[in-house]
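See below for the structure under consideration.
When reading the values below, keep in mind they use all heavy atoms of this one structure, side chains included, and skip hydrogens, waters and symmetry mates. Just so you know, residue 1 is the first one in the sequence shown, and it goes up from there.
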Amino acid sequence: MTGILKRQPSNSTSEDDEGIECPLSGAEALAVCKEFAAATSTDTGLAMMMLQKNEWNLEKAITAYNNSIRSRSKSTTSAKQVKLNAPAEADAKRAKTKDVTTVTVPAEDPTLKAKTRFKLLSWNIDGLDEQENTIEIRTQGVVDVIKREEPDVVFLQEVIPVAFDLIRNLLPEYDSYTGSNEGYFVVILLRRKLFQVQKSEIIAYPGTNMERNLLVVHATYKNSIEMDLMTSHHESGTEELASRERIEQLKLCFKHMLDAPAHRIVLFGGDLNVREKELQKAGSVPSGIHDLWIETGKRPECAYTWDMNRNTNVYYPSDTYRPRARFDRLYYRPSQESTIQFKPVYFELEGLEKLPSIKRFCSDHWAIQAYFDI
């Protein structure tokens, strides 16, 4: 690819417009989450979960969280009491065995759990934004979010060389793999201490008119869990030709997910530009593959990843209607190995705050982030 291709504007319709919006703006929601996290010594992921369950009322959410902790503590105390009151014959049986020191595990600390979770973040960082002299500032904003969230894996789309150089230099703790090195392209970042990479590959889309491709990294996580990590930026545009090509690209990606060895976990996502009617034309999501937004509860405030009601980076002339869509998605195919416990538990949006120096968001897309319990 020579030079940078200009992104075609999206004229999304309201076919994906459903669900109830969060009553707060992105910045307000993030601020409340941080208040909850500070008050409870937890993290913003748990904060958003508790606030959503409590109608975004901070006081109610903190009270509910504290009540749950007290409830767990009572359960642990009751378990100790049962052991103390065990029947005499059980004591007699234990007396015949070697002395064993019993350790009572305290109620689970949410902060420790959060630290042991696997996190995957995906983001179209809008390298083709035409606003002059903002790419370095917006890319720094992207880096700041990644440093704050500390995901294990990052999928990036619409990366341009100047942004990639900044990302690579400012995030030395990650190894990087790219779908190209010129124009605009996709990138996968892996936290170096956690992954051993076997190989990476770039799979070209035969019918693309925009030089789009699928980037795949085959790796092992923590020396024990084998994974295929896949990201892509699917064909843009509203015309029928682009729509047909998007459908074929999505079908090819689903096939690669299903064809991966059964013992491997497969994670795929990115800016797929997909509309719901196109997903249906592609045959819907195949059995055995899970849409992570749906799998983790389909929370309405996370439904729209390109949302002109909330994101003001792109000018739209109408005051009566502003398009929004779920262009960015994450899919998961679990391993068939019974010994591997890798469960999706949470899904959120990131990059919701404006950068004060330029009064713009990092991108016209929100980042999406999924959490897994291992």
Taking the basic N atoms (NZ, or NE/NH1/NH2) and the acidic carboxylate oxygens, is any pair closer than 4.0 Å for [X] and [Y]?
{"X": "D291", "Y": "R326", "answer": "yes"}
{"X": "K147", "Y": "E173", "answer": "yes"}
{"X": "R191", "Y": "D152", "answer": "no"}
{"X": "R212", "Y": "E245", "answer": "no"}

> Would you say the side chain of K277 lies within less than 4.5 Å of the side chain of S243, judging by non-hydrogen atoms?
Replying inline: no
> How far apart are the C-alpha atoms of N273 and H233, what are their side-chain angles, what is the distance that settles it, and do they pass the side-chain contact (heavy atoms from CB on, under 4.5 Å) test?
Replying inline: CA-CA 8 Å; N273 276 312; H233 183 190; 3.8 Å; yes
Locate the shortest heavy-atom distance separating [X] from [Y]; write the atom from each residue and the value.
{"X": "Y205", "Y": "S232", "value": "OH-OG, 2.7 Å"}
{"X": "W123", "Y": "S363", "value": "NE1-CB, 3.7 Å"}
{"X": "S122", "Y": "G270", "value": "OG-CA, 3.5 Å"}
{"X": "H263", "Y": "S335", "value": "O-OG, 2.8 Å"}
{"X": "I188", "Y": "L229", "value": "CD1-O, 3.5 Å"}

> Can N311 and W306 be said to form a side-chain hydrogen bond (donor to acceptor under 3.5 Å, both in side chains), step by step?
Replying inline: CA-CA 8 Å; N311 192 307; W306 189 83; over 6 Å; no
Between [atom1] on residue [X] and [atom2] on residue [Y], distance to nearest 0.5 Å:
{"X": "L214", "Y": "I203", "atom1": "CG", "atom2": "CD1", "answer": "4.5 Å"}
{"X": "N54", "Y": "F36", "atom1": "CG", "atom2": "CZ", "answer": "8.5 Å"}
{"X": "T305", "Y": "D364", "atom1": "OG1", "atom2": "CG", "answer": "9.5 Å"}
{"X": "N213", "Y": "T208", "atom1": "CG", "atom2": "OG1", "answer": "8.5 Å"}
{"X": "N313", "Y": "Q131", "atom1": "CG", "atom2": "CD", "answer": "8.5 Å"}
{"X": "F155", "Y": "L120", "atom1": "CZ", "atom2": "CG", "answer": "5.0 Å"}

> After noting the C-alpha distance and the side-chain angles of N124 and F327, does the key distance pass the side-chain contact (heavy atoms from CB on, under 4.5 Å) rule?
Replying inline: CA-CA 10 Å; N124 177 327; F327 288 150; over 6 Å; no
Name the orientation class of the two ring planes belonging to [X] and [Y] (parallel below 30°, tilted from 30 to 60°, perpendicular beyond 60°).
{"X": "F195", "Y": "Y221", "value": "tilted"}
{"X": "H234", "Y": "F268", "value": "tilted"}
{"X": "Y332", "Y": "F342", "value": "tilted"}

> Residues two or more places apart in sequence or in another chain: which of them pass salt bridge (Lys or Arg N to Asp or Glu O under 4.0 Å) with R333?
Replying inline: none
>> Under the rule for salt bridge (Lys or Arg N to Asp or Glu O under 4.0 Å), what residues qualify as partners of R264, not counting sequence neighbours?
In response: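 Result, salt bridge (Lys or Arg N to Asp or Glu O under 4.0 Å) vs R264: E226, D228.
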>> Just to verify, which of K119, R117, K343 counts as forming a salt bridge (charged side-chain N to carboxylate O under 4.0 Å, His left out) with D373?
In response: R117
> Checking salt bridge (charged side-chain N to carboxylate O under 4.0 Å, His left out) against R329, which of E278, E295, E276 comes through?
Replying inline: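 In the set E278, E295, E276, the residue that makes a salt bridge (charged side-chain N to carboxylate O under 4.0 Å, His left out) with R329 is E276.
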> Taking F361 as the fixed residue, which of L355, D129, T312 is the one that meets the side-chain contact (heavy atoms from CB on, under 4.5 Å) rule?
Replying inline: T312
> For Q140 and E136, what are the C-alpha separation, side-chain angles and deciding distance, and is it a side-chain hydrogen bond (donor to acceptor under 3.5 Å, both in side chains)?
Replying inline: CA-CA 6 Å; Q140 178 66 63; E136 289 86 358; over 6 Å; no
> Counting only heavy atoms not in Q280, do more than 12 sit closer than 6.0 Å to its CD atom?
Replying inline: yes
>> Would you say that more than 12 heavy atoms from the other residues, nucleotides or ligands in this model lie under 6.0 Å from the CD of E240, or not?
In response: yes
